[in-house]
Trainee: 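Encoded as structure tokens, here's the structure I'll be asking about.
First the proteins, then the strands, lettered A, B, ... as listed; each starts at 1. For the numbers below, each heavy atom of this structure counts, side chains included, while hydrogens, waters and symmetry mates do not.
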Amino acid sequence: MLEKTFDAADVEPRIAALWEKADAFRAGAGAKPGAKPFSIVIPPPNVTGSLHIGHALNNTLQDVLARFERMRGRDVLWQPGMDHAGIATQMVVERQMMERQEPDRHKIGRAKFVEKVWAWKAESGGQIINQLKRLGASCDWSRERFTMDEGLSRAVTKVFVELYRAGLIYKDKRLVNWDPKLRTAISDLEVEQVETKGKLYYFKYPIEGEAGRFIVVATTRPETMLGDTGVAVHPDDERYKDLVGRYAILPLVGRRIRIVADEYADPEAGTGAVKITPAHDFNDFEVGKRHGLPAINILDVVANVSLDGNADFVEGVPSGEELRTTIATLHGLDRFSARKRIVAMMEDRGLVEKIEDHVHTVPHGDRGGVPIEPYLTEQWYADAKTLAAPAIAAVREGRTVFVPKNWEKTYFDWMENIQPWCISRQLWWGHQIPAWYAPDGTLFVAATEREAQAEADARFGGHTPLKRDEDVLDTWFSSALWPFSTLGWPDETPELARYYPTSVLVTAFDIIFFWVARMMMFGLHFMKEVPFRDVYIHALVRDEKGAKMSKSKGNIIDPLVLIDRYGADAVRFTLAAMAAQGRDIKLAESRVEGYRNFATKLWNAARFAEHYDCRPIDGFDPSGATETLNRWIATELTLATRSVTTAIEAYKFNEAAGAIYRFTWNLFCDWYLELIKPVLNGEASAAKEETRATVAWVLDRIVALLHPFMPFITEELWARSGERPLLAFGPWPDPGFEDDVAASEINWLIGLISEVRSVRSEMNVPAGAMVPLLVSGASADTVDRLRKHDVVIKRLARSDGITLADMPLSGAVQVLVGEATISLPLAGVIDLKAEKARLTREADKTRKEIAKIDAKLGNEQFRAKAPEEVVEEQRERREEAEALLARTEAALARLPESD
RNA sequence: GGGCGGUUAGCUCAGCGGGAGAGCACUACGUUGACAUCGUAGGGGUCACUGGUUCAAUCCCAGUACCGCCCACCA
């Protein structure tokens, strides 16, 4: 016996245990012999992560695909795992240490700290895996991988070494985005532009040898002036022409700085003269290079001003009282305090021309949240430009296809303008770079220390002490290998041969650059083949204002709360139903509630089947059914099956969800189950047996079609209706037969009942009142149908008798169905005025409709140019409308005069 | 500055060259032995605006307004 309502909290864990026990998601489980592989690698969530709504969407869609293909008999591998998330994880552990008032990482040292991170991972990392299981994700959990696993680390090392040897990874000293809070370099992608209200300061720099003359520069970053080594003006700028090649004296410092002509200077911006600080600005760095201006770094790793003992800073500067004061005042100040002090010092000297309010964007580190500094350091880079070429070609040639297609433009735009990828990070948690330095700085890159040592010893002829590079790799470096490293690469495993390239990658657009592009580059380089055939880019789930959800904004919808409240099936169905291509999802909880109700509806349909003892019959084939209702519902199921299947194949998840929803609720429950009640409540008969079998048969297929979206309730219902293999293994329903005759008969029946109900309701006939139906003008076919469905019409239209009449009943309410007119004698019951109004309204509506069609048909151009079937359709519609109008007018005429 | 997307019922969203849709909310009636997490019926939209293409535009094109996102840059 099925319980009165579906209790998700009770069923979900039980079903999950069932799957686990059956090892249902293991790669190849349930696959047909000779099955084609279908593989997906999960976008690995951060080990620090907790399931947010974006994960819920992302994994629901992957699971729909995985379950769909598994049911179809494909050999499915959904490869799960997690990302070590270098910066995020290191921050979490450091914060925890701080809260516990333990000594910080610098005190305990690298080895101890890394050990602590591993301990943290073992203890509290990876909660998200269990959360994904709660969602119902059918990953092959036995194959779970972690980017810092031994195997994956081996892959990372191999990739680094090979790319280094191929010249595609190199060291370079240039400006990087430096996060002073995290004390590490970060890549361009990890920088966020934040609009900030600031000031624009106009500083006067004295011209050398011409007392009282200044060149005025505008800057938003006064503190960097200490590192100025030039002033640039546009070569065509008449105002400054005579100053080019001469020198200004840098205030507070006394350094001679050259005035150069450079296209970079924009005569329209500021004063047209711009100070050049090569060590602290990307553009200035380039200008400096062009003109041979030195780059003087005046900040330390935490972005405090560093002047004392800074040889570059004082080089060539005559040491005097002013310089000593400057150093004493500013050295060691953080950059923001230094800014204020410098402005004050400049003001004291009368060198501030003006200060304006200024809104500009300031680059911030996406993790640390503080402004980043362009900072001159030596880092490791990957030659992204070279690696990108095959990745661009692969998409151009359609070897990898983006869905929706328009994301390919985004991909190309970025790939074609790709910059060197800074891959080193000054962190401790991550893959340490396999590079060692001899005392003289000679570099040895090798897979192991032993190999590096051997190389070094050979080179120097004797034992050479080596020191390993301290840096670790960008987390995305290991993520980029995910589609093949998780399959066992660099070993030539059977899984690698079978499941690479993967079938589809499902992800949100915000990591196309971070991840998709880099997997393409590395996959093509090392596997000589694209990592995935399709890339399905889904929406971002946003808050009600359309903003990205984030912890800091506090606008998060927690999927786990939704799961607790409505069940995983309802949450999944909601996300799938809203996953229309190319549009973001603004989630409303009421939708989840609505789909929870849908689950309840399905549950009750199953209770109906149970109540009437409808059991699946082996080998039942509805094409042999004799009952029109059964042939009709089987026909509708065929259409629904086809819609669901083609929609999933095309990644149109919302269409698939909508098709099965409508069939289940609006056809199967609302009509079919109501229409067959008389049969099921009647005497034992062949028709009754056939109907019972059909109910069970259709319900089984509904449950199957719904399984990719609502795996828990469907698996439960499947198990409850008979001993058989798990639904997770299918079968996926094939479209069955179609019977147009049955379909048109039942559609007529539905139309008739709806019309009668509608009129009754408008006439305020009490729901319990039985009203006879007098049918006139009916064709022979209609008479047959009326006889055939007599019982059900009476039941659903609340009538105590259907009789044929020659003429519509005068003074009765008239319903027009097809060619027939049905009279409802409601003389005493109804409001004649209301009825007259109703018919008049209907006639007006029909007249408008006719007028509209006439306008079209009367148009010669339309008849000449529109496709024939469209013209024909309009003619038919006109005929129908015309007939309807005639009968409506007749009904009106028969109405007795009221008042 | 460049690019992308959006504007459809009170709300959240589908749809789309030829008859405006769903869920929720709302109104009326209803416990007819699957289901009140329900049933039946109903109200509600000049499909942002302006032009154009077309026999025909909510849908295609161009422009405008507003909203949002991405990229680059800002002296």
Trainee: Give every pair of a protein N or O atom and an N or O atom of nucleotides 30-37 of chain B that lie under 3.5 Å apart, one pair per line with the distance.
Mentor:
residue: B/A34; atom: OP1; partner: A/Lys677; partner atom: NZ; Å: 3.1
residue: B/A34; atom: OP2; partner: A/His611; partner atom: ND1; Å: 3.4
residue: B/A34; atom: OP2; partner: A/Tyr612; partner atom: OH; Å: 2.8
residue: B/A34; atom: O2'; partner: A/Asn604; partner atom: OD1; Å: 3.0
residue: B/A34; atom: O2'; partner: A/Arg607; partner atom: NH1; Å: 3.1
residue: B/A34; atom: N6; partner: A/Cys669; partner atom: O; Å: 3.2
residue: B/A34; atom: N6; partner: A/Glu674; partner atom: OE2; Å: 3.1
residue: B/A34; atom: N3; partner: A/Asn604; partner atom: O; Å: 3.0
residue: B/A34; atom: N3; partner: A/Ala605; partner atom: N; Å: 3.4
residue: B/C35; atom: O4'; partner: A/Asn604; partner atom: OD1; Å: 3.0
residue: B/C35; atom: O2'; partner: A/Asn604; partner atom: ND2; Å: 3.2
residue: B/C35; atom: O2; partner: A/Lys601; partner atom: NZ; Å: 2.7
residue: B/C35; atom: N3; partner: A/Lys601; partner atom: NZ; Å: 3.0
residue: B/A36; atom: OP1; partner: A/Lys4; partner atom: NZ; Å: 3.2
residue: B/U37; atom: O4'; partner: A/Asn597; partner atom: OD1; Å: 3.4
residue: B/U37; atom: O2; partner: A/Arg596; partner atom: NE; Å: 2.9
residue: B/U37; atom: O2; partner: A/Thr600; partner atom: OG1; Å: 2.5

Trainee: What is the separation between atom CG on A/Asn764 and atom C1' on B/U27, rounded to the nearest whole Å?
Mentor: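 Taking atom C1' of B/U27 as the reference, CG of A/Asn764 is at 12 Å.
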
Trainee: Using the C1' atoms only, state how far B/U46 lies from B/A57, rounded to an integer number of Å.
Mentor: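 One C1' to the other, the span is 14 Å.
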
Trainee: Distance check needed: B/C70 P versus A/Phe514 CZ, whole Å only.
Mentor: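 Spelled out: CZ on A/Phe514 to P on B/C70 is 11 Å.
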
Trainee: Nearest whole Å is fine: how far is B/G19 P from A/Glu880 CD?
Mentor: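 Going from CD in A/Glu880 over to P in B/G19 covers 14 Å.
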
Trainee: Check every strand shown and say whether A/Phe203 touches a base, only sugar-phosphate, or nothing at a heavy-atom separation below 4.0 Å.
Mentor: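 It contacts nothing in the nucleic acid.
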
Trainee: Partner of B/C11 by Watson-Crick or G-U wobble geometry, both contacts under 3.5 Å, or none?
Mentor: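 Its partner is B/G23.
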
Trainee: What's the closest nucleotide to the A/Gln861 side chain, out of B/G23, B/C70, B/C55?
Mentor: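 Nucleotide nearest to A/Gln861's side chain: B/C55.
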
Trainee: Scan side-chain atoms only and decide if A/Ser187 and A/Glu190 contain a donor-acceptor pair under the 3.5 Å cut-off.
Mentor: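 The criterion, which ignores hydrogens and geometry beyond distance, is satisfied for A/Glu190 and A/Ser187.
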
Trainee: Would a line drawn from the ring center of A/Tyr661 to the ring center of A/Trp665 be shorter than 6.0 Å?
Mentor: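 Distance test on ring centres: under 6.0 Å, yes.
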
Trainee: Is B/C73 paired to anything, Watson-Crick or G-U wobble with both distances less than 3.5 Å, and if yes, which nucleotide?
Mentor: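 Because no pair has both required distances under 3.5 Å, B/C73 counts as unpaired.
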
Trainee: Taking only the side-chain heavy atoms of A/Asn283 (C-beta and beyond), determine which of B/G18, B/C73, B/C4 contains the nearest atom.
Mentor: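 Looking only at side-chain atoms, A/Asn283 lies closest to B/C73.
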
Trainee: Can you tell me the Watson-Crick or wobble partner of B/G44, both distances under 3.5 angstrom?
Mentor: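 Across any shown strand, B/G44 pairs with none.
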
Trainee: Say you pick atom C1' in B/C60 and the same atom in B/G23; how far apart are they, in whole Å?
Mentor: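 About 30 Å, rounded to a whole number of Å.
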
Trainee: Does A/Glu610 come within less than 4.0 Å of A/Arg720, counting only side-chain N to carboxylate O?
Mentor: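 Salt bridge between A/Glu610 and A/Arg720, a charged N being under 4.0 Å from a carboxylate O: no.
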
Trainee: How about A/Trp603 and A/Phe6: are their ring centres within less than 6.0 Å of each other?
Mentor: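 Close enough - the centres of the two rings lie under 6.0 Å apart.
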
Trainee: Looking at the side chain of A/Ser754, which of B/G18, B/A41, B/A20 is the nearest nucleotide?
Mentor: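 In terms of side-chain proximity for A/Ser754, the closest of B/G18, B/A41, B/A20 is B/A41.
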
Trainee: How many Å lie between CG on A/Asp284 and C1' on B/A75, as a whole number?
Mentor: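 Distance check: A/Asp284 CG to B/A75 C1' gives 10 Å.
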
Trainee: Have a look at A/Ala269 and say if it touches a base, only the backbone sugar-phosphate, or nothing, with a 4.0 Å heavy-atom cut-off.
Mentor: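 Result for A/Ala269 = base.
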
Trainee: When the nearest nucleotide of RNA chain B is assigned to A/Lys652 and to A/Glu849 on a heavy-atom basis, which residue is associated with the more 5' position?
Mentor: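 In this pair, the answer is A/Lys652.
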
Trainee: Do the side-chain N or O atoms of A/Trp665 get closer than 4.0 angstrom to the phosphate oxygens (OP1, OP2) of B/G39?
Mentor: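 Yes.
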
Trainee: Taking only the C1' atom of each, what is the distance from B/A25 to B/U58 in whole angstrom?
Mentor: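 Comparing C1' positions in B/A25 and B/U58 gives a spacing of 25 Å.
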
Trainee: Using whole Å, what does the distance between atom C1' of nucleotide B/G15 and atom CZ of A/Arg662 come to?
Mentor: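 After rounding, the gap between these two atoms is 10 Å.
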
Trainee: What's the CG-P distance between A/Asp413 and B/C4, to the nearest Å?
Mentor: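 To the nearest whole Å, that distance equals 8 Å.
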
Trainee: Indicate whether OP1 or OP2 belonging to B/G23 is found under 4.0 Å from a side-chain N or O atom of A/Arg591.
Mentor: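 The answer is no; no side-chain N or O of A/Arg591 sits under 4.0 Å from OP1 or OP2.
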
Trainee: Want to settle it: does A/Ala577 or A/His360 sit nearer the 5' end of RNA chain B, counting the closest nucleotide to each?
Mentor: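 Result of the comparison: A/Ala577.
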
Trainee: Can you tell me the distance, in whole Å, between the CG atom of A/Leu857 and the P atom of B/A56?
Mentor: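 The answer, rounded to whole Å, is 15 Å.
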
Trainee: Would A/Arg875 and A/Glu879 pass as an ion pair if we require N to O under 4.0 Å?
Mentor: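 A salt bridge is absent here (no side-chain N lies under 4.0 Å from a carboxylate O).
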
Trainee: Applying a 3.5 Å limit to both distances, which nucleotide forms a Watson-Crick or G-U wobble pair with B/C4?
Mentor: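 Across all strands, the one nucleotide that pairs with B/C4 is B/G68.
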
Trainee: For B/U27 and B/A62, measure between their C1' atoms and round to the nearest Å.
Mentor: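 Their C1' atoms lie roughly 44 Å apart.
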
Trainee: Looking across every strand, which nucleic acid part, if any, lies under 4.0 Å from A/Ala866 by heavy atom: base, sugar-phosphate, or nothing?
Mentor: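 It contacts base atoms.
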
Trainee: Find the distance A/Arg757:CZ to B/C29:P and express it as a whole number of Å.
Mentor: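 Computing the A/Arg757:CZ to B/C29:P distance gives 18 Å.
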
Trainee: Considering only atom C1', compute the distance from B/A9 to B/C4 and round it to an integer number of Å.
Mentor: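 Here B/A9 and B/C4 have their C1' atoms 28 Å from each other.
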
Trainee: If you round to the nearest 0.5 Å, how far is CG of A/Leu61 from OH of A/Tyr536?
Mentor: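 These two atoms lie 6.0 Å from each other.
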
Trainee: Both distances under 3.5 Å, Watson-Crick or G-U wobble: report the partner of B/G18, or none.
Mentor: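 Answer to the pairing question: B/C55, which forms a Watson-Crick or G-U pair with B/G18.
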
Trainee: Now, which nucleotide makes the Watson-Crick or G-U wobble pair with B/A62, with each of the two distances under 3.5 Å?
Mentor: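 With both distances under 3.5 Å, B/A62 matches B/U50.
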
Trainee: I'd like to know whether A/Leu351 forms a side-chain contact (heavy atoms from CB on, under 4.5 Å) with A/Phe203, so could you lay out the CA-CA distance, the side-chain angles of the two residues, the decisive distance to 0.1 Å, and finally the verdict.
Mentor: CA-CA 6 Å; A/Leu351 294 176; A/Phe203 285 171; 6.0 Å; no

Trainee: The test is salt bridge (charged side-chain N to carboxylate O under 4.0 Å, His left out); show your working for A/Asp844 and A/Lys848 and say whether it passes.
Mentor: CA-CA 6 Å; A/Asp844 284 348; A/Lys848 264 187 206 158; over 6 Å; no

Trainee: How far does the C1' atom of B/G15 sit from the matching atom of B/A75, given to the nearest Å?
Mentor: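 That atom pair is separated by 50 Å.
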
Trainee: Could you measure between the two P atoms, the one in B/A20 and the one in B/A48, and give it in whole Å?
Mentor: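 B/A20 and B/A48 have their P atoms separated by 15 Å.
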
Trainee: I'd like to know if A/Asp357 and A/Lys197 make a salt bridge, using a cut-off of under 4.0 Å between side-chain N and carboxylate O.
Mentor: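 Looking at A/Lys197 together with A/Asp357, the answer is no, because their closest N to O distance does not fall below 4.0 Å.
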
Trainee: Return the nucleotide paired to B/A36: Watson-Crick means purine N1 to pyrimidine N3 with N6-O4 or O6-N4, wobble means G-U with N1-O2 and O6-N3, both under 3.5 Å.
Mentor: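 For B/A36, the partner nucleotide comes out as none, under the 3.5 Å rule.
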
Trainee: With a 4.0 Å limit, can you tell me whether A/Ser590 has a side-chain N or O closer than that to the phosphate oxygens OP1/OP2 of B/A25?
Mentor: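 No, because none of the side-chain N or O atoms of A/Ser590 sits under 4.0 Å from OP1 or OP2 of B/A25.
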
Trainee: Give me the distance, rounded to whole Å, that separates B/A72 from B/U12 when you measure between the C1' atoms they each carry.
Mentor: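 Here B/A72 and B/U12 have their C1' atoms 34 Å from each other.
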
Trainee: So what does A/Ala265 touch, heavy atoms closer than 4.0 Å: a base, only the sugar-phosphate, or nothing?
Mentor: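 Touches a base.
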
Trainee: Quick one: are A/Leu706 and A/Asp569 in side-chain contact, heavy atoms under 4.5 Å?
Mentor: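 Contact flag for A/Leu706/A/Asp569 side chains = no.
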
Trainee: The side chain of A/Arg877 is closest to which nucleotide in this list: B/G19, B/G42, B/U12?
Mentor: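 Selected nucleotide: B/G19.
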
